[in-house]
Amino acid sequence: MFLNKFKNKKVIITGHTGFKGAWLTLFLKILNAEIMGISLRPNTKPSLFEATNLSKKIDNNFFDILQKKKLEKKILSFKPDFIFHLAAQPLVTKAYKNPFLTWQTNLIGTINILESIRKLKKSCTCIIITSDKCYENVEKRAGYLETDRLGGSDPYSASKASAEIAINSYYKSFLINTNHRIATARAGNVVGGGDWNSGRIIPDCIFAINKKKSVVIRNSNSSRPWQHVLEIVYGYMKLALLLNKNKKLNGQSFNFGPSNTKIFKVIDILKEIKNEWKSFRWLNIDDRKNISETKMLVLNCNKSKKFLRWGLRINFKKTIKLTLEWYKVYYSSKANQKKIIDITEKQIRDYCKIIK
Ligand SMILES: NC(=O)c1ccc[n+]([C@@H]2O[C@H](COP(=O)([O-])OP(=O)(O)OC[C@H]3O[C@@H](n4cnc5c(N)ncnc54)[C@H](O)[C@@H]3O)[C@@H](O)[C@H]2O)c1
């Protein structure tokens, strides 16, 4: 049933040249949506976007979401049924190096999207992707609830928390009595094939394997709510559909992640990779003096479970296995586009069988 709901719907995806955005675009393409993508050019080489020839499959646009007028013009002329806003500067380490760019993109970029929605005459459902890092970090073991205090002292987390405040303000001030629907999605650490953002655990390991070097690990005991990218993009799509049905959920936020009994450490990922690639090695360094990152991050996802009937369907071992399987095809086929499209679409179609 879910699989037919996006057929012929007009969908805008910002951040479609990025890791999660490209998977979402490919998924919605398989569901026969009509898609417009708005992003900067891919910022990694290689990228899932280029590896799957995505620019040829959709209405593809490369420009900065800080170009407010251009953004508005595109959104208003396309008249979307749905907007998924993923464009962001998403890296904690890069945010320390360039806080201004991070604040501009993550806060002002989001406000530019909200301004465009305000001007849309046709009703539209908008899912804005923030982060699990938007909560004030108190190392809460039971998991953060959507109603917990926002915060974040590092620039990335703070920029996402402030985007949440801006969205809430726009909703209550301008959108509440319109036909538009809006919600924010706060997800944990996402893994899957086709991510080449350095500073993230899986891409860093993949780079190291290919260079036959050891990967340097900052905090191997850090726990994170890991989940496969297909689980999370499915969660975003489900949230969008539910918002259309249930007006009471308008203006709310939803956590997406594993339950707090299924939280794994960086070291668990390293061991899984080692099982698949015997030559894989790592080096531990304690870098917490230079970069402050949450040691423990757990979300309470009962709300998504209750209202969306959303929960992880792929366990931790399988999540890492699917991810490594994708990279193995990529590197063993020497980036053969057909083989990469085939494995990506196969993983999506296999996932569709699980959620049916
Ligand atoms: N990957 C994760 O584990 C994770 C976890 C929590 C939240 N998120 C959030 O999910 C979203 C997607 O993350 P990702 O991992 O795919 O990141 P990514 O870096 O792979 O993709 C980011 C996308 O944003 C676009 N972008 C950046 N600045 C832009 C600008 N000024 N104008 C237009 N486009 C711009 C890029 O072109 C790219 O398409 C982000 O909002 C991120 O904060 C990601």
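In this chain, numbering begins with 1 at the start of the sequence shown. As the structure is a computational prediction, the values presented were derived from the model and not from experiment. Whatever order the structure lists ligands and atoms in, that order sets their numbers, starting from 1.
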Under 4.0 Å to a heavy atom of Thr17 - the qualifying atoms of ligand 1, by number: 36 (C), 37 (O), 38 (C), 39 (O)

4.0 Å heavy-atom contact, Leu66 with ligand 1: no

Presence of salt bridge, Lys68 and Glu72, under 4.0 angstrom: yes

Ring geometry between Phe256 and Phe254 (parallel below 30°, tilted from 30 to 60°, perpendicular above 60°): tilted

Numbering as shown, the atoms of ligand 1 that approach Thr105 to under 4.0 Å (heavy-atom distance): 28 (N), 29 (C), 31 (N)

Charged N-O contact under 4.0 Å between Lys346 and Asp342: no

Under-4.0 Å salt bridge between Lys317 and Glu272: yes

Proximal candidate to atom 35 (C) of ligand 1 [heavy atom criterion; set Leu40, Leu24, Thr25]: Leu40

Nearest neighbour in protein (non-hydrogen) for atom 44 (C) of ligand 1: Lys20 NZ, 3.3 Å

Residue-ligand contact Tyr156/ligand 1, heavy atom below 4.0 Å: yes

Nearest-contact summary for atom 22 (C) of ligand 1 - protein heavy atom, Å: Ala88 O, 3.7 Å

Thr130 heavy atom under 4.0 Å from ligand 1: yes

Under-4.0 Å salt bridge between Lys122 and Asp81: yes

Mutual orientation of the aromatic rings belonging to Phe6 and Phe82 [parallel < 30°, tilted 30-60°, perpendicular > 60°]: tilted

Test: Glu146 and Arg186 ion pair at under 4.0 Å: no

Atom 5 (C) of ligand 1 [closest protein heavy-atom partner, distance rounded to 0.1 Å]: Gly188 O, 3.3 Å

4.0 Å heavy-atom contact, Gln104 with ligand 1: no

Protein contact of atom 6 (C) of ligand 1 - nearest heavy atom, named by residue and atom, plus distance: Ala187 O, 3.5 Å

Close-contact set for ligand 1 against Lys160 heavy atoms, below 4.0 Å: 40 (C), 41 (O), 42 (C), 43 (O)

Lys321 and Glu276 ion-paired at < 4.0 Å: yes

Protein heavy-atom partner closest to atom 3 (O) of ligand 1 - residue, atom, separation in Å: Val190 N, 2.9 Å

